[in-house]
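First the structure, in the form of structure tokens, and then the observations on it.
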Amino acid sequence: MPTTDSCQCRDIQHLMQGASHFKQRFYSQDPELMRQLVEQGQSPVTLVISCSDSRVDPALLTNAKPGELFTVRNVSNIVPPYGPSANFHGTSSAIEFAVRDLQVPNIIVLGHGRCGGIQALLSTLSGNDMQRDFIADWVSIAMDACRQFVGDPDNPGSQKEISIDLLREHQDLVERASVQGSLRNLMTYPWLRARVDAGNLQLHGWWFDLESGDLWTTTPESPTLLLPVI
């Protein structure tokens with residue numbers, strides 16, 4: 001084991017300083033908020049299912065305060081379809097707790113540009129085997145997002161499938177379609193769908209453009225990919 005002196009790890013002292021600033025801001029300057037969260041428990045208005053990517057933090061992006069967001073993050077902000085089993089279900093269990101216990105009124109699936117997980121999926125479909133233990137199987141849940149069609153100019157009225165090579169050049173199309181796929185998968189959870197049908201829960205799809213800072217949105221009912229809002 002390397003000693004502390006010889007370790008080449010990057011310094012995290014600034015993160016400890018950030019924790020100190022957090023304590024100063026919310027425990028010294030706004031103690032009532034934290035007291036309520038401790039004594040009354042959490043009651044978030046939104047479940048956010050976002051990517052683990054370090055560049056896209058839901059709380060920073062939305063300027064949310066403690067207690068506002070219940071967040072689950074995974075590679076490529078993927079929602080697996082409903083399927084109880086003896087396997088481990090981290091994302092599904094977070095969805096279940098947020099919907100059935102916390103009864104959040106909103107769910108946001110938050111995707112983003114330059115997503116490494118979607119890039120890995122497209123690379124795998126191009127024939128490049130990924131030498132990893134878990135990622136390839138996980139991102140394969142979003143496989144349908146890679147099947148996209150455009151009008152065929154040689155056959156009016158018909159469509160042709162977009163090639164994987166072209167999708168790799170326009171990865172954002174797959175990232176956005178994957179958000180919509182996750183919205184569809186959410187509706188396979190029976191107790192979640194029941195709340196949507198009753199008008200007690202709304203689903204939202206967001207895609208954050210990492211290059212421009214623009215946020216695009218969609219809903220499960222939208223026939224288009226995503227619409228820019230800011």
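Only heavy atoms go into these numbers, but all of them, side chains included; no hydrogens, no water, no symmetry mates.
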Practice item. Give, for atom CG of L186 and atom OH of Y82, the distance between the pair rounded to the nearest 0.5 Å. Key: 13.5 Å
Check your understanding: With sequence neighbours excluded, what pairs up with Q40 under the side chain to side chain contact (heavy atoms under 4.5 Å, CB included) test?
Key -> Q36
Point to revise | Close side-chain approach of T217 and H204, heavy atoms under 4.5 Å | key: no
Revision key, fill the gap. Rounded to the nearest 0.5 Å, the CG atom of D209 sits from the NE2 atom of H112 at a distance of 11.5 Å
Review point. Among all residues two or more places apart in sequence or in another chain, which pass the side chain to side chain donor-acceptor pair (under 3.5 Å) test with Q119?
Key: none
Exercise for review: Answer yes or no: is there a donor N or O on one side and an acceptor on the other, between the side chain of R193 and the main chain of T188, under 3.5 Å?
Suggested key: no
Practice item. Mind listing the closest non-hydrogen atom pair of E175 and C115 along with its distance? Key: OE2-N, 3.0 Å
Check your understanding: So how far is it from Q180 CD to N185 CG, rounded to the nearest 0.5 Å?
Key -> 12.0 Å
Exercise for review: Output, in order, the C-alpha distance, side-chain angles, deciding distance and verdict of side chain to side chain contact (heavy atoms under 4.5 Å, CB included) for L210 and V56.
Suggested key: CA-CA 8 Å; L210 198 60; V56 185; 4.0 Å; yes
Practice item. Only counting residues at least two apart or in another chain, list the ones meeting side chain to side chain contact (heavy atoms under 4.5 Å, CB included) with S85. Key: N87, H89
**Study point:** Smallest separation among heavy atoms of S182 and V79, with atom names
**Key:** OG-N, 3.1 Å
Point to revise | Between T91 and N74: side-chain donor-acceptor atoms closer than 3.5 Å | key: yes
Review point. Should E68 and K65 count as an ion pair when the cut-off is N to O under 4.0 Å?
Key: no
Point to revise | R147 atom CZ: more than 12 heavy-atom contacts under 6.0 Å | key: no
Practice item. Check the surroundings of atom CZ in R132: do more than 12 heavy atoms from other residues, nucleotides or ligands lie under 6.0 Å from it? Key: no
Review point. Between V104 and R195, what is the shortest heavy-atom contact and its length?
Key: O-NH1, 2.9 Å
Practice item. Compute the centroid of each ring, for F208 and then for W206, and state whether the two points are separated by less than 6.0 Å. Key: no
Atom pairs and distances, donor-acceptor, side-chain atoms in residues 160-168, under 3.5 Å, two or more places apart:
from	atom 1	to	atom 2	distance (Å)
S163	OG	L166	N	3.1
R168	NH1	S126	OG	3.3

Review point. Is any side-chain heavy atom of V75 less than 4.5 Å from a side-chain heavy atom of D53?
Key: no
Review point. Roughly how far apart are S28 OG and H21 NE2, rounded to 0.5 Å?
Key: 12.0 Å
Check your understanding: Is there a donor-acceptor contact under 3.5 Å from the side chain of T46 to the main chain of V48?
Key -> no
Point to revise | Residue list, side chain to side chain contact (heavy atoms under 4.5 Å, CB included) with S93, at least two apart or on another chain | key: none
Check your understanding: What distance do L203 atom CG and T219 atom OG1 have between them, rounded to the nearest 0.5 Å?
Key -> 9.0 Å
Review point. Partners of S43 by side chain to side chain donor-acceptor pair (under 3.5 Å), sequence neighbours excluded?
Key: none
Point to revise | Set of residues satisfying side chain to side chain donor-acceptor pair (under 3.5 Å) with respect to R25, sequence neighbours excluded | key: none
Review point. Do I118 and S178 come within less than 4.5 Å of each other through their side chains, counting heavy atoms only?
Key: yes
Practice item. Only pairs at least two apart or in different chains count here, so list each ring-ring contact (aromatic ring centres under 6.0 Å, His included) that has a residue in residues 40-71. Key: F70-F97
Study note, to complete from the structure: With sequence neighbours left out, the residues meeting side chain to side chain contact (heavy atoms under 4.5 Å, CB included) with S52 are R73
Point to revise | For V174 against A145, the heavy-atom pair lying closest together | key: O-CB, 3.7 Å
Point to revise | Test side chain to side chain contact (heavy atoms under 4.5 Å, CB included) applied to M130 and I135, step by step | key: CA-CA 8 Å; M130 187 185 305; I135 297 176; 3.7 Å; yes
Check your understanding: Can you hop from L37 to L69 via hydrophobic side chains spaced under 4.5 Å?
Key -> no
Review point. Thinking salt bridges, do E211 and R114 make one under a 4.0 Å N-O criterion?
Key: yes
Point to revise | Passing candidate, side chain to side chain contact (heavy atoms under 4.5 Å, CB included) with I49, options I95, L183, I108 | key: I95
Exercise for review: Verify the cluster assignment for W191 and V196: are they in a single hydrophobic cluster under the rule of side-chain heavy atoms below 4.5 Å apart?
Suggested key: yes
Review point. Mind checking whether I141 and P81 have side chains closer than 4.5 Å, heavy atoms only?
Key: yes
Point to revise | Non-hydrogen side-chain atoms of P66 and L33 separated by less than 4.5 Å | key: yes
Practice item. Locate the shortest heavy-atom distance separating G117 from S76; write the atom from each residue and the value. Key: CA-OG, 3.0 Å
Check your understanding: Does any N or O in the side chain of N77 come within less than 3.5 Å of the main-chain N or O of V109, such that one atom is a donor and the other an acceptor?
Key -> no
Exercise for review: Treating Ile, Leu, Val, Met, Phe, Trp and Tyr as nodes and any side-chain heavy-atom pair under 4.5 angstrom as an edge, say whether M143 and L173 lie in one connected cluster.
Suggested key: yes
Exercise for review: State, to 0.1 Å, how close M187 and L192 come at their nearest heavy-atom pair, and which atoms those are.
Suggested key: SD-CD2, 4.3 Å
Review point. With distance as the sole test, does W207 use its side chain to make a donor-acceptor pair with the main-chain N or O of W216 at under 3.5 Å?
Key: no
Point to revise | Pairs involving residues 137-179, ordered by first then second residue, that meet ring-ring contact (aromatic ring centres under 6.0 Å, His included) (sequence neighbours left out) | key: none
Point to revise | Point-to-point distance, once rounded to the nearest 0.5 Å, from CG of L102 to CD of E96 | key: 11.5 Å
Check your understanding: Within the side chain of S123, is there an N or O that forms a donor-acceptor pair under 3.5 Å with the backbone of A120?
Key -> no
**Study point:** Partners meeting side chain to side chain donor-acceptor pair (under 3.5 Å) with T71 (sequence neighbours left out)
**Key:** none
Check your understanding: What pairs of residues pass the ring-ring contact (aromatic ring centres under 6.0 Å, His included) test when at least one of them lies in residues 24-64, not counting sequence neighbours?
Key -> F22-F26
Check your understanding: Would you say I12 has more than 12 foreign heavy atoms packed within less than 6.0 Å of its CD1?
Key -> no
